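The structure appears below as structure tokens.
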Amino acid sequence: MTDTQPDARFDPGQADARWQRAWDEAGTFTADSNSPRPKSYVLEMFPYPSGRIHIGHVRNYTMGDVLARYKRMQGFEVLHPMGWDAFGMPAENAAMEKGVHPGGWTRQNIAAMKAQLKRIGFALDWSREIATCDPEYYGHEQALFLDLYEAGLVYRRQSEVNWDPVDMTVLANEQVIDGRGWRSGAMVERRKLDQWFLKITDFAEELLDGLGKLESWPERVRLMQENWIGKSTGLEFRFELSNGERLPVYTTRPDTIFGASFVAVAPDHPVAQGVAMNNCDAAKFIELCKRGGTTAAELETAEKLGFDTGIGARHPFTGEYLPVFIANFVLMDYGTGAIMAVPGHDQRDYDFASKYGLPIPRVIAGSIEQAGLPLAGEAEPGAKDDGGVCVNSQFLDGMRVDDAKAMVIARAENEGWGEGKTVWRLRDWGVSRQRYWGTPIPFIHCPACGVVPVPKDQLPVTLPEDVSFEVPGNPLLRHPTWKHTQCPQCGSKAERETDTLDTFVDSSWYFLRFASQPADRPFDPEEVAKWLPVEQYIGGIEHAILHLLYARFWTRALQRIGKIDFAEPFASLFTQGMVTHETYSRREDGREVFYSPDEVERRSESAVLAADGAPLEIGRVIKMSKSKKNVVDPDDIIERFGADAVRWFMLSDSPPERDLPWSESGIEGCARFTQRLWRLFGQYDADAQGRDQALTRKMHQTIAAVAADIEALSFNKAVARIYELTSAAEKAAPTAARSEAIAALMLLCAPMMPHLAEEAWHANGFEGLIADAPWPEFDPALLVEDEVTIAVQHMGKLRDTVTARKGASKDELEALALASEKVRRSLGDAPVRKIIVVPDRLVNIVS
RNA sequence: GCGGGUGUGGCGGAACGGUAGACGCCGGGGACUUAAAAUCCCCUGUCCUUUGGACGUCCGGGUUCGAGUCCCGGCACCCGCACCA
């Protein structure tokens, strides 16, 4: 090396900023959609601008960055953009707590977080930066929303919300704690409002079928979406009620119809409402059900409660009258809002029947002989693939579950009291939010013309800036002038819609806007076609269902109305794990007080509070959160260790889909490794002479393996490979082969530790930026070893290892194994009965 | 409650059904140094008295010449559950 002393240390404090500037000035990461190179679109889920970049963001974006840089080195024109999911509740909360404007607060956060991201040296095309709170962005979103409206995919209907009667505001589920408003503490009420919906259910079948083609999505995400969409086939049929009405119910298990011992309806079912009109106990019961949260988790964990309406429902086969209950575990949103309950074979029905002393007959058993077998204290599911047959079921007795289902449906259809039906769990997407900080829904309510869309040439409908959060309620609703306007159709006085869109709408098309940003349209279809679908999308598993399903829906909807010509936005998906940290706490005045890592002195087996030297309890390793104070600040650690050490830590050790436990000693080890590499890079000698076959072979193997590992996103394995080649190169004699290996290491590290790689590349006199250098080639002939180690087992237990020529025959390996003294000792006098030989791997002797 | 996942040394993890523990961290010992830092070398799953052996991948069963890996049944923890993003 020419201008660096061998013992000089790598100084990230200077190098990081220098190379970040160099990339900026050269426009290295600006994506050119007219480039002749093949295109690659690498995208990470954009962050909510909460104020500071979280270490979890750093991990997410480091993974995408390594892939983006690697793809560039492989000759791709890479689009790797970044933006801000900038609408949402925290900005309004900040406004209420600190008296700041949500817009100002958000823009300040964006500036701070952008500076943080720049310090990590991400290869991002900042020229395409988007913030969803910019009128330029949400105006186009309003236009798309109107397009979907024209296509009949948008409608209004009544829907329930959590209403806080004290704060006079709608609460999000997370703002309802034990049935009370988080701020006011008032009992939350359910209130019906007119709200906007998107017809995602129109696409249920397509969204389900499409999953099958997403081969590069994690299996578990596809499974979760499949279950969420929840296609089921069953029977919808009508009970004749003792009051003369008819009650439609839906069941997926018509084969168990003889096990029905009661009928249950949802508290908001018309039958329940009807009973409540003349029966104040029923009305009280319904009120009771409406208390408490609206979430599925709460409803399903709540104690099963029912109210006997006194109505009877006539069983279509037996003619017997079953009692009709109002029950809190029946959902109005699913099926018909009423069920036939089969306690013998459904756990919820079982719990309910046990509580109210209703019969629990068995109608499914392993065989017809087991008809009299009692149920073992819980419901037996009686799945279709375990050979269950119908029992105690008249004409169904002895039939297999599948056949019985078909038979019951056929009888119902013949006799005219029911029919086979497909039902979906998926519900339409409610997008109305009664909040200020979101995209205004571009509609006008005219007393004469009704609901009228805002003409496109009047978009965007912008948010008013002069709003106050001191008074409870929606600022848009209270604003003195904003909502008052004229009807675009008749010109008379009218009011703007004051609901804003769910922020999931914002994130349902941002990946299109990144690819193409015309001023007059949401995107240009040709430009979009060049980049989309996203080749690799990376984000948290917490988005496995909602965000990813909504984005898939939105893309398909745009395809249906001819805006784009592809159905799936993300070809490949990766869900990364969280960054975790142990917690430090102690009891003070009877409650647990947490301390942050920088207040703590961590010893090998204990931790003490630096301030007073008293011991602290080391808690479990859990997700970093402010309340547990187990957070580390990215800026802080970059300042101490440099961007490359932090990036390296994010990639090392833990597989990317699993949680990564933060540790001080881990990051220190990474920082040490940057210096170790730097010393090795300093030993590059362009004039060195001589061969080193073993090292050359190792180099080629490493180049191939690191490439494969990066493409599989197995960064921890790529890191391990780089450690191995580093050790080998350090130990090797100074030959031309060694210099070649050192240069290869610079290139292999370039996507992961770009500042260090650039610095070494430059210091050793290489031309240009390493970010622009091609990925090194490898010789496939050098990947295979010519000698292999063969494991020799006796009865499956390892006794010896022997060395053999690669590709040695079974007979040769057998002879080698039997010649081993350790094997002969283990064998003793026992006769050899069988020998299993796995070529190039092992020999197992069975005696 | 329902749906989905995870579980391997002191710690993070590696391992086409085929040598369990690659690689890193921690720890121990040594070298260099007046000393320290930095750096380098060696050791490091548990147990048994050794050359050597036994036991070991959350627990209990099973399939197989051979199971961390496949099957059945548990346990623990994590994610999601439709207005958090």
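Quantities reported herein were computed from a predicted structural model and do not represent experimental measurements. Within every chain, numbering begins at 1; the chains are lettered A, B, ... in the order of the sequence lines, protein sequences first and strands thereafter.
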Rounded to the Å, how far apart are A:I541 CD1 and B:rG5 C1'?
8 Å
Is A:D428 paired with A:K199 through a side-chain N to carboxylate O contact shorter than 4.0 Å?
no
A:K192 backbone acceptor or donor facing A:E160 side chain under 3.5 Å:
no
Is there a donor N/O on one and an acceptor N/O on the other, under 3.5 Å, for the side chain of A:R833 and the base of B:rC65?
no
Would you mind pulling out the nucleotide paired to B:rA14, Watson-Crick or G-U wobble, both distances under 3.5 Å?
none
Charged N to carboxylate O below 4.0 Å: is that the case for A:K698 and A:E724?
yes
Any idea if B:rG9 is syn or anti, going by the 90°-from-0 cut?
syn
For B:rG21, give the paired nucleotide (Watson-Crick: N1-N3 plus N6-O4 or O6-N4; G-U: N1-O2 and O6-N3; both under 3.5 Å), or none.
none
Going by modelled atom types, is there a donor-acceptor pair between the base of B:rC83 and the side chain of A:N173 at under 3.5 Å?
no
Under the 3.5 Å rule, do the base of B:rG12 and the side chain of A:D653 count as making a donor-acceptor pair?
yes
Using whole Å, what does the distance between atom P of nucleotide B:rA85 and atom CH2 of A:W437 come to?
13 Å
Select one nucleotide: of B:rG66, B:rC40, B:rA82, the one nearest the side-chain heavy atoms of A:L546.
B:rA82
Hey, does A:A297 reach any base, or is it just sugar-phosphate, or nothing, if we go heavy atoms under 4.0 Å?
base
What nucleic acid atoms does A:Q434 come within less than 4.0 Å of, heavy atoms only: base, sugar-phosphate, or nothing?
base
Select base, sugar-phosphate, or nothing to describe what A:W228 touches, counting heavy atoms under 4.0 Å on all strands.
base
Looking across every strand, which nucleic acid part, if any, lies under 4.0 Å from A:T789 by heavy atom: base, sugar-phosphate, or nothing?
base
Heavy atoms under 4.0 Å, any strand shown: does A:V719 hit a base, just sugar-phosphate, or nothing?
nothing
Touch class at under 4.0 angstrom, heavy-atom based, for A:H543 against every strand present
base
Of A:E668 and A:R825, the one whose closest nucleotide on RNA chain B sits nearer the 5' end is A:E668
Using a heavy-atom cut-off of under 4.0 Å over every strand shown, decide if A:R220 touches base, sugar-phosphate, or nothing.
sugar-phosphate
Nearest-0.5 Å distance, CZ of residue A:R59 to CG of residue A:D659
7.0 Å
For A:F87 and A:R721, find the nucleotide of RNA chain B closest to each by heavy atoms; which residue's nucleotide sits nearer the 5' end?
A:R721
Distance between P atoms of B:rU33 and B:rA54 (Å, rounded)
47 Å
Nearest whole angstrom, please: distance from the P of B:rU19 to the CG of A:D840.
13 Å
With a 6.0 Å cut-off on ring centres, are A:Y48 and A:W84 close enough?
no
Looking only at N and O atoms, is any donor in the side chain of A:E298 or the base of B:rC81 less than 3.5 Å from an acceptor on the other one?
no
Check if the side chain of A:Q175 and the base of B:rC83 share a donor-acceptor pair of N or O atoms closer than 3.5 Å.
no
So if I apply the ring-ring contact (aromatic ring centres under 6.0 Å, His included) rule between A:F673 and each of A:W648, A:F649, A:F641, A:F10, which one comes out positive?
A:W648
Rounded distance (Å) that lies between atom P of B:rG66 and atom CD1 of A:I835
16 Å
Considering only side-chain heavy atoms of A:A172, which listed nucleotide, B:rG4, B:rC83, B:rC65, is closest?
B:rC83
Salt-bridged, A:E300 to A:R348, with N to O below 4.0 Å?
no
Using both distances under 3.5 Å as the test, list the Watson-Crick or G-U wobble partner of B:rG52, or none.
B:rC48
Identify whether any heavy atom of A:V170 sits under 4.0 Å from a base atom; if not, whether one sits that close to sugar-phosphate; answer base, sugar-phosphate or nothing.
base
Please classify the nucleic acid contact of A:G577 as base, sugar-phosphate, or nothing, using heavy-atom distances under 4.0 Å.
nothing
Nearest to the side chain of A:Q793, heavy atoms from C-beta on, is which of B:rA85, B:rU19, B:rA82?
B:rU19
Rounded C1' spacing from B:rA14 to B:rA20 in Å
9 Å
Atom NZ of A:K355 with >12 non-hydrogen neighbours under 6.0 angstrom:
yes
The Watson-Crick or G-U wobble partner of B:rG68, with both key distances under 3.5 Å, is none
Quickly work out the A:K797 NZ to B:rG53 C1' distance and round it to whole Å.
11 Å
Using Watson-Crick or G-U wobble geometry with both distances below 3.5 Å, tell me the partner of B:rC77, or none.
B:rG5
So A:P655, base contact, sugar-phosphate only, or nothing? Heavy-atom distance under 4.0 Å.
sugar-phosphate
Protein-nucleotide distance (A:F46, atom CZ; B:rC84, atom P), rounded to Å
17 Å
Assess whether a salt bridge exists between A:E821 and A:R824, defined as any Lys/Arg side-chain N lying under 4.0 Å from an Asp/Glu carboxylate O.
no
Nucleotide of B:rG12, B:rU19, B:rC65 approaching A:N844 most closely (side-chain heavy atoms):
B:rC65
Per A:P661 side chain, nearest of listed nucleotides B:rG12, B:rC2, B:rC41:
B:rG12
At under 4.0 Å between heavy atoms, what does A:F329 touch on the DNA or RNA strands: base, sugar-phosphate, or nothing?
nothing
Once you apply a heavy-atom cut-off of 4.0 Å, does A:S665 come out as touching a base, just sugar-phosphate, or nothing?
sugar-phosphate
Determine the interatomic distance between C1' on B:rG18 and the same-named atom on B:rG68; round to the nearest Å.
13 Å
Mind calculating the distance between CD (A:Q701) and C1' (B:rA22) to the nearest angstrom?
14 Å
Please work out if A:T503 contacts a base, only the sugar-phosphate, or nothing of the nucleic acid, heavy-atom cut-off 4.0 Å.
sugar-phosphate
Checking base pairs now: Watson-Crick or wobble, both atom distances under 3.5 Å. What partners B:rU34?
none
Of B:rG53, B:rC41, B:rG18, the nucleotide closest to the side chain of A:R799 is B:rG53
Classify the nucleic acid contact of A:R348 as base, sugar-phosphate or nothing, counting any heavy atom under 4.0 Å across all strands shown.
nothing
Take the protein atom CZ of A:R658 and the nucleotide atom C1' of B:rC79, then report the distance between them rounded to whole Å.
15 Å
Among B:rC65, B:rA85, B:rC25, find the nucleotide with the atom closest to the side chain of A:R672.
B:rC25
